[in-house]
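Structure incoming, see below.
Ligands are counted one by one from 1 in listed order, and the atoms in each one are counted from 1 as well. Computed from a predicted model, the values in this text were never measured in an experiment.
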Amino acid sequence: TSIFDCLSHPGDLQGSYLIFSFMFSLPFAERSKAFQDILSRLNLEKYRSRKIRLRDVLEICPEGIKNRIPEALRDLPWHFLRKVMAVNGTARNTSIWHKAPEEEMSGDDDKELHIDDNFCVSDAEIKVSLHPLDVLCAVLLCSDSFLQQEILSKMSMCQFALPLLLPALDIHKCTLLLWAMRDIVRKWRPHSLAESRGFREESLVLTSMLTISFVRLGSCSFSKSKLLNDVLSPSQQHHNFFIHRDTESGNVLRQIADGLVEISWYFPGGNENSDLFPEPVAVTNLRGDIETQWLQFSFLTEVSSAVFIVTESISEREYELLSSLKESTAKYYFILNYKNEKPMETLGFLNKLAPVLKLSKSQLLVKDSTTNNAGFVKKVQSTIGNIMNSSPKTVSLEAMAVMARDLGIQVDEDCQACQCARKCAEDIIAEIRDGAKYKREMLRLQGDPWKNLAKVEKELCRMKSQGDMATEDYKSELKQKWLEIRRQQNQCGLTNGLTKFINGIEHFSPSAACKPHPLWV
Ligand SMILES: *[C@@H]1O[C@H](CO)[C@@H](O)[C@H](O)[C@H]1NC(C)=O
Ligand SMILES: *[C@@H]1O[C@H](CO)[C@@H](O)[C@H](O)[C@H]1NC(C)=O
């Protein structure tokens, strides 16, 4: 009870975040050790400081072209990277192919659990793979920021949920991925533009929209992620935006991904009959229990208009915890999965919570053994629809980053390299008013000189306009022309725009570790 003593006067909300994240989170040393262990199993240790770069993944090598099935844990990061680069929907499959299961299991007899003669499960088999989200976290934390951007863009094309907050594994703070999502552009038709057949096309991180969060309190026997997939899937087109227990390796115990917040979006296509919602909505999904992930949970309560708390029971302890949210402006919904032995106790505490969190009856969604799944999904969808109709606040990812910083969450874009690179890019862009004119003036070797050069080179091969001239004479005339164009090009000095660009590239590439590409030498 000593933990709750400090909550008897919750005071300001900020104070209680700190207390909870301090009291309940696994100690950093333990998380860091688990991370180290995963890296060593995935053979990624060497990329902890010298990150994997985009060019490592784009490199064309025999290994990369082969459609290799992962045979060991160390194949998983590269399998994920190659598949996601190819926008292949199977990228998150972390199953490992067993060459000869009999061989592998021999010598492990005492660990085998015989169910019947044809079917046996061994410890080895269960342990052999990793949860896809563990692999994702490890790969992202071992990738440089350019590769992260590419991974997230490609994941978005695969319609995978994207990581929004990475858990604190290699540094003491968790990280919001903003820069990593900068490249993503989405196009949609809100119902307000359906008549005019207009559409909107915007950078994802700049688009303000309704945000709704789904979190879990305590343990729960039904899958929140599976429910979310159902809620976000258009009818007859089921899609696994979120990994859940029934997807490949989704049942493997997560070792480092608790505390990960994923985000997915619904964008309407402009069809009032088939669209689930008339406007875009962002949905976030916190992995792990809010009690141990209080900082991430606090962040979600600030950015979201509504927070759905999935739970099976609420006792004194959970009641105290939730009471600390009384100053929060988010609207809370409870998805109560009736399985516990003491529903009366849970309902009693929910009644006590009602005035604290300003709960009305519609904010309690009960799911029990008799609930029809399709019906329940409809209910959640219509609840989200109602929230949308109540003109809730909207936030963009950029705005979320501001709130994250206030809570002590690191934003990927704040690193010095990103800031300097951004400044450099802005310096260059600031001078571009008229694109065609800029190209003519700054890229003086391109444009007409380049076109003329190509024409001469082509003619040197084809010899189509030779006419009556002797072949050697004609060739030599063309070579003279070619040399003249080259001479003109050589006379152009480096323009201001190019100098800025080259300085920028030189400054930011990890030149020390940079080797020329094998195809260039
Ligand atoms: C995706 O990858 C799987 C597994 O390697 C392969 O069987 C499948 O053909 C790929 N799909 C596409 C569209 O390339
Ligand atoms: C996942 O990978 C395993 C092993 O490589 C393979 O047997 C299985 O068919 C894959 N599943 C899907 C859905 O692609």
- request: For ligand 2, find out whether one of its N or O atoms is nearer than 3.5 Å to an N or O atom of Trp97.
  value: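 No, Trp97 has no N/O under 3.5 Å of an N/O on ligand 2.
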
message = Quick test of your reading of the model: are Glu262 and Arg287 salt-bridged, counting only N-O distances below 4.0 Å?
response =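 Here Glu262 pairs with Arg287 in a salt bridge, since their nearest N and O are under 4.0 Å apart.
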
If only atom types and distance count, is the side chain of Asn93 paired as donor or acceptor with the main-chain N or O of Glu248 below 3.5 Å?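 Answer holds: no.
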
Greater than 12 external heavy atoms within 6.0 Å of Arg74's CZ: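 No - once you tally the heavy atoms of other residues, nucleotides and ligands closer than 6.0 Å, there are 12 at most.
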
- Task: With Lys224 as the cation and Phe214 as the aromatic partner, state whether NZ or CZ is under 6.0 Å from the six-membered ring centre and within 45° of the axis.
- Result: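 Negative - Lys224 is either too far from the ring of Phe214 or too far off its axis.
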
In ligand 2, the atoms that come under 4.0 Å of a heavy atom of Ile69 are 5 (O)

| Would a search of protein heavy atoms around atom 11 (N) of ligand 2 find one under 4.0 Å away? |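 Neighbour list for atom 11 (N) of ligand 2 includes protein heavy atoms (cut-off 4.0 Å).
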
Give me the residue, atom name and distance of the protein heavy atom closest to atom 13 (C) of ligand 2.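 Heavy-atom neighbour on the protein nearest atom 13 (C) of ligand 2: Glu248 OE2, 3.5 Å.
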
Test of proximity, Thr90 against ligand 2: N or O pairs below 3.5 Å: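 No, since none of the N or O atoms of Thr90 sits under 3.5 Å from an N or O of ligand 2.
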
Ignoring hydrogens and geometry, is there a side-chain-to-backbone donor-acceptor pair from Gln363 to Tyr332 under 3.5 Å?
->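 Side chain of Gln363 to backbone of Tyr332, a donor-acceptor pair under 3.5 Å: yes, one is there.
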
*asked:* If the cut-off is 4.0 Å to any non-hydrogen atom of Asn93, which atoms of ligand 2 fall inside it?
replied: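 Every atom of ligand 2 under 4.0 Å from some heavy atom of Asn93: 1 (C), 2 (O), 3 (C), 8 (C), 10 (C), 11 (N), 12 (C), 14 (O).
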
